[in-house]
Amino acid sequence: MRLKNKDLLGLEYLDKEEIDLILETAKPFKELFTRSVKKVPPLRGKTVVLLFYEPSTRTRISFELAAKRLSADVLNISASNSSVAKGESLIDTAKTLEAMKADFVVIRHSMAGAPQILARTISASIVNAGDGTHEHPTQGLLDMFTIWEKKGKLSGLKVAIVGDILHSRVARSNIWGLNKMGAKVYAVGPATLIPPRIEQMGVKVYYDLDEIIDELDVINILRIQIERQKENLFPSLREYNEIFGITDERLKRAKKDLLVMHPGPMNRGIEISSSVAEGPRSVITEQVTNGIAVRMAVLYLLAGGDKRGMKRQ
Amino acid sequence: MKLVIRNGRVVDPKNKIDKKADILIENEKIVKMGESSKFRPGDVTRSTITIDATGKVVTPGLIDMHTHLREPGREDEETIASGTRAAAQGGFTSICCMPNTQPVIDSVSGVKFILTTASQEGVVNVYPVGSITKGREGKELAEIGKMRIAGIVGISDDGRPVMNAQIMRRALEYAKMFNLPVISHCEDLNLSMGGVMNEGFTSTVLGLKGIPRQAEEIMVARDIALAELTDGKLHLAHVTTRGSVELIRQAKKKRIKITCETAPHYISLSEEDVRGYDTNTKINPPLRTKDDIEALCEGLADGTIDCIASDHAPHLDVEKNLEYNIAPFGIIGLETMLPLVLTNLVSKKILDLNQAIAKLTVNPANILGLDKGSLSIGSDADLTIIDLNVKKKIDNEFTSQSNNSPFIGMELKGFPVATIVGGKVVMEDGKIV
């Protein structure tokens, strides 16, 4: 089995079998990391361009490591958003990359839909590394991989995503993916940060985490951005922390094997307390490791690889 | 010079005519209509130009009361010359141009510039709309009376609302003296701020900031209240939501002086079409939902919505070919309006042909106070000939200087085949004469 499209633009566009394939393919890649030589040859001779219009450290480095461990040549292009407005248009940049025969373009952009523009302009495989408030599919995949590895399944699990759902591409990708895999998804946050009609995506909305905390198998905590306060979306960070912050106290009623996740970077003491972040339920650092494996699987599969091929390696 | 149009089905909603007839035009006026056997000898001579309209529909010249011709200021996007040719191509003989040019048409000199340029370079009648406030800034009234004397037919800060209710009140009161319609762009800017599409499930999925329907409806409600207060003449531009239609319906029942328009794209496309992030679906107000389309159709059918206007808004490829968030709002519409109305309203039996033509002729003429929009004997010889049966796929070759249309590739049925302005054929078989 192979992926159906040349691009990974979002989890909305993948079916369950494709998600299964990516997760299963990521597993042997993760095992690779325990070896002293962490590099395999499948993308030898291929060029992966990391086109980052938005500052990002962890996602960019994760993709870079993933591509390098697959033996690809990696090119980093970062552009500040201001240069987009006054400089070269996205389409012209895309055409330049096409002319340079890039095989993959991994794009991070502050505006939703930018990867779609690339995908219909050039023949390289486009991987969405986060576009505005639309999707962040590899984050969704690595979150699912982490849950799947710990719980042995996704189907039937209860997963709460807590925080600024409105501005979160991570939330959207998680919701699409988890729903397809049969998990039950809850969106929890201030009413001002819940996007309109989100229920139609197949989630239940709660304003009070304590109502469901005892049933949850996974809690995925989103970063809250201080700028949102200036838009009057909530009155203060300390009020946010009191109502939605995840603390040991709040987790007292939770299941022992609840997984605590966070896509990072964390605001300790605001959406998550330090002791929860460091606590026994936290898998936050493992998410980082898994991110590389999942991104290797994505690049490998988009290059036309299949599961059997990887096992042979 | 004489012109006779033979054998067409003449549809003239103002005079309640829908019959086969010949029309004789002399000295830029319509002089006779009827069976040509009853014309007197000498009416049609060897020098009379004959247009055979057998199997075609002959209507009063179509009127588009909402276009952006971009001149002065953005002649790279459109000019009065190119925009009036696009109008002729689309079957329009009269158009209004909105004042949001650079500079804004907020004074007599601007109005004179439009009228002079149109008379020298245009091929259809151009009626300027002046701004409500100086510079469209929403602060001080523009010289509405002086602009009226110079030739404006309405006032509007289109593209922007007049957010200050007191200034809108004054505008409605003041313009009432001149019987000028105040054309309102209904949008609460605080609610719509940063939005690029309709707020709802699709905006949530696409991760695009939404504009709630209430941003429009709140201002529709406010303007209706102000029209009631002032007894002014209010016209609401580009109405798009079920809530707006209902508010207008109720206001009309209360006999408040209010008229409104919608645009063909609002009944042809919905927010679903934004999927794929094609910036030719980025329009303000935004494309709404299927339910809103249904409500607009009901409003068109029961007369709540008086007319259909294109909101023709040309933009260059380089401006539109950007990320959805930063591309400008607006699409061209002059050349696709009539086919869309015929395909999506008349063919689907939402409006009959007479109702549809009324919304493109006599109704806008009445709102604007123009002596146009009918085939009455003695009136200006502005006519449009339509072939209801011709099917064509819209390609990206437009007469307009811009081609920002979401309808490229769509097959439509029913196109204009001739446009006659003041007895002169300006478009025939898709070619500007």
Here the gap from B:Thr204 atom OG1 to A:Ile175 atom CD1, rounded to the nearest 0.5 Å, amounts to 9.5 Å
Exercise. When you look at NZ of A:Lys204, are more than 12 heavy atoms from neighbouring residues, nucleotides or ligands closer to it than 6.0 Å?
Worked result: no
Output for pair (B:Leu208 CG, A:Thr133 OG1), nearest 0.5 Å, gives 7.0 Å
Most contact-rich option vs chain A, by heavy-atom pairs under 4.5 angstrom, among B:Asp278, B:Val196, B:Asn325, is B:Asn325
Next item on the list: Answer yes or no: is there a side-chain heavy-atom contact under 4.5 Å between B:Glu323 and A:Gln116?
Entry: no
Under 4.5 Å to a heavy atom of chain B? For A:Arg120 that would be side chain
Correct closest heavy-atom pair for A:Ala112 and B:Gly207 would be CB-O, 3.6 Å
Applying a strict 4.5 Å limit to non-hydrogen atoms, the region of A:Glu199 in contact with chain B is neither
Problem set entry | Aromatic contact, B:Tyr324 with A:His134 (centres under 6.0 Å) | no
B:Leu322 and A:Ser89, any side-chain heavy atoms less than 4.5 Å apart | yes
d(A:Thr121 OG1, B:Asn321 CG) to nearest 0.5 Å is 7.5 Å
- Query: With distance as the sole test, does A:Arg197 use its side chain to make a donor-acceptor pair with the main-chain N or O of B:Val205 at under 3.5 Å?
  - Reply: no
